[in-house]
Amino acid sequence: MGDLFVYNTLVGDKVKFEPVSAGNVGIYVCGPTVYSEVHLGNCRTFVSFDVVVRYLRFLGYNVRYVRNITDAGHLENDSDFGEDKISKKAKLEQLEPMEIVQKYTLNFHSVMSQFNTLPPSIEPTATGHIVEQIEMVKSILENGHAYVENGSVYFDVAKYNSDGNNYGHLSRRDIEEMSAGSRDLQGQQEKRNPVDFALWKNASEEHIMKWPSPWGIGFPGWHLECSAMGAKYLGDHFDIHGGGMDLKFPHHECEIAQCVSAHKKNPVNYWMHTNMLTLNGKRMSKSTGNTLLPEDIFSGENAILNKAFSPMVVRFFMLQAHYRSILDFSSEALSASEKGFNKLMQANLLLQKAIYSKATLDKQLETKVVDLINGCYKHMNDDFNTPLTIATLFELVAIINTLNSTNSFGTLSEKVFNSLQNTMNGFIIDVLGLDSVQINNKNDKSEKLIELMLSLRAEAKNNKDYALSDKIRDDLTKIGVVIKDGKDGTTFTLT
RNA sequence: GGUCUCGUGGCCGAGUGGCUAGGCAGUGGUCUGCAAAACCAUCUACAUCGGUUCGAAUCCGAUCGAGACCUCCA
C-alpha cells in the first residue's frame, strides 16, 4: 500500500508521515469562531480535514480528532481598544453572548452534518478552558517570555528568539524586518515590540465576556486557546495541526511560540494548511462581504449561482481540487461537478448491485482494474490527492459501465471483482465521504408506487401508446424520478 | 512597500524533464418508438520572451497578469 506522504508547512515539502505513537494519530484543527454563520470557505477547510481524518482511519489508524469552537477571545483588531468579537455582536443584536455562541454553534453543526463531515472526537470551547489558558500564561511568564502591562500579558517575541527559538519559522518571516516595516497602529503603547502579541487582555468596564485572573479581570488572547486545548487533549507533542492558510501567520506562529515556551518542546510534527476558496476570483471573507452561505447554495436563493446544489455536490466539487490549491466557485463549475457526481454514484450503485457469475477471464482488463485500484491508494498517499483519486475512480466507472451493459463482470476473477466493489465503496463512501443518501432514500412505499407507474408505462409502450408512456416519463421526471430504458427493462434514479 | 504562490484546451481542474490525467461541454457513431443514460471514436492545452538539455508545459532568468499573507478571518 505504500507510505503516506504529507505536505508539512514546517518543512515546505512532502514528507513521510510517521505518528508519534505507532498506530495512533492526534490531529487538531482550528475550528470556527461562532459569531456568525459559517461561510463556504470555512466549510472547505473542514471538508478537507474531514477527508484527512477519514483516510487515516481507513488506513487503520486510531485517530483522535480535536476541533475547537472559538466562543470568546478573538479581538476585533490589534489594539487596546479592541473588542471581543462575540460581545460586539451581542450588543448589536441585544443578546447574551452565549446566546450568539449557541445559535451559531448549532448552525455550524447543522451545516457540517449536511456536508457529511464526521464530528470531531472532542470539540472543546475556549470559554470552557479559561483555567487551562491562565495556567499556560503563568508558565510562559515563569519562563521569562512574557511581561505584564496594565493587567494585560504580552508575549515577548524578541526575548523568546534570543533564547534560541525561531518565531517566524513556520511562515518564513524575518522578525527584524517585520518590526521595521510594521505599521504604527493605535493602542500598541503597551507592547514593547509591535510583533509581540497578547496572551491575556485586560477587560474594560463594558466588556461582557471576562474572567478573573492573577493579572486582573480580563479575557484570553486570541491564539492561546488552541495551544492550551491542543496540549490538554493531544499532549504537548502530537502529530498533525491543521487550519486554513490564513491562520499560518500569526495564529499558528503564535501557537508554536506559546507551546514551545510553556512546554519546552515542539508541539506539532506536521502542520497542514488548506488553501482559500474564492468567489469571483476573490477570497471569501466575512469582513469584505464576498461570501456565500451554504444554506443559500442548498436552497438556490442567492445572486451568484443559477440553481440550487446539494451539499454532496458541493462537497464533491471541493474534493475535485487539491486542498492546497485555490478553488474558485462558480455555477458552471458546480454544474459540471453535479453531473460527474451523479455518474460516479450511479456506477457505484450498479456495481454494488451486480451479481457475479464467472466467465472467461480477461487478463488484460483484470490487470488494468488492479492497477487502478492500487492507484486510488497511491494518490491518497500522496498528500491526500483527492482530484487524482477521483480521476482514477472515473476510469473505473468507465469499466464498470461497460461490464454492466454487457453483463460481463465475470470476466474479472471473483477476487478482483470483490476488491473492485470494496474499493469503490471504500473510497467513495468512507474516504471521500460522499453519501449516496439522495439515491438510496427511496422508502418502500414510494418505490413500489414508482414501480407501479413503470409497469403501467411498459404496458402503454407495448400498446404503442407513446403519448401516455411519455407523459408518465415526463411527469415522473418533473418530481425527480429519472427513467432509463435499458435492454433488460427500465430502471430509475431519484434526483 | 515586504514575503510568497500561481498563470494548463470552451469551462473546472490534476500532473510532470521524454509515455492518454479526469470531469463538464462540443462533434460523429452504437443503442432507443423518441428521449435520457451508457458505450465507442474524436477536436480544442500548458501566459510571453529568452536560456539549460538529445528532449521542457515541467528546470533557470526576465516580462506581463492574477491571488494570498504582512490586521480578526478557514
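Chain naming here is simple, since letters A, B, ... match the order of the sequence lines and numbering starts at 1 in each.
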Atom-pair distance ([atom1] on [X]; [atom2] on [N]), nearest Å:
| X | N | atom1 | atom2 | value |
| --- | --- | --- | --- | --- |
| A:Phe341 | B:rG23 | CZ | P | 16 Å |
| A:Arg324 | B:rA74 | CZ | P | 21 Å |
| A:Leu388 | B:rU20 | CG | C1' | 14 Å |

Could you tell me the Watson-Crick or G-U partner of [N], where both distances fall under 3.5 Å? Say none if there is no partner.
| N | answer |
| --- | --- |
| B:rG22 | B:rC12 |
| B:rC6 | B:rG65 |
| B:rC39 | B:rG29 |

Got a donor-acceptor pair under 3.5 Å from the side chain of [X] to the base of [N]?
| X | N | value |
| --- | --- | --- |
| A:Asn385 | B:rG15 | no |
| A:Asp485 | B:rA35 | yes |
| A:Arg473 | B:rA35 | yes |

Practice task
Would you classify A:Gly243 as touching base, sugar-phosphate or nothing, given that sugar-phosphate means primed atoms plus P, OP1 and OP2, and contacts are heavy atoms under 4.0 Å?
Solution key: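 Sugar-phosphate only.
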Practice task
Please check the phosphate of B:rA38 (OP1 and OP2 only) for any side-chain N or O of A:Lys484 closer than 4.0 Å.
Solution key: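 Looking at the OP1 and OP2 atoms of B:rA38, neither is under 4.0 Å from any side-chain N or O of A:Lys484.
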Handout entry: Distance below 4.0 Å between A:Ser405 side-chain N/O and B:rC31 OP1 or OP2
Key =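 No, A:Ser405 has no side-chain N/O under 4.0 Å of OP1/OP2 on B:rC31.
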Handout entry: RNA chain B: 5'-proximal contact among A:Ser337 and A:Asp328 (nearest heavy atom)
Key =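 This one resolves to A:Asp328.
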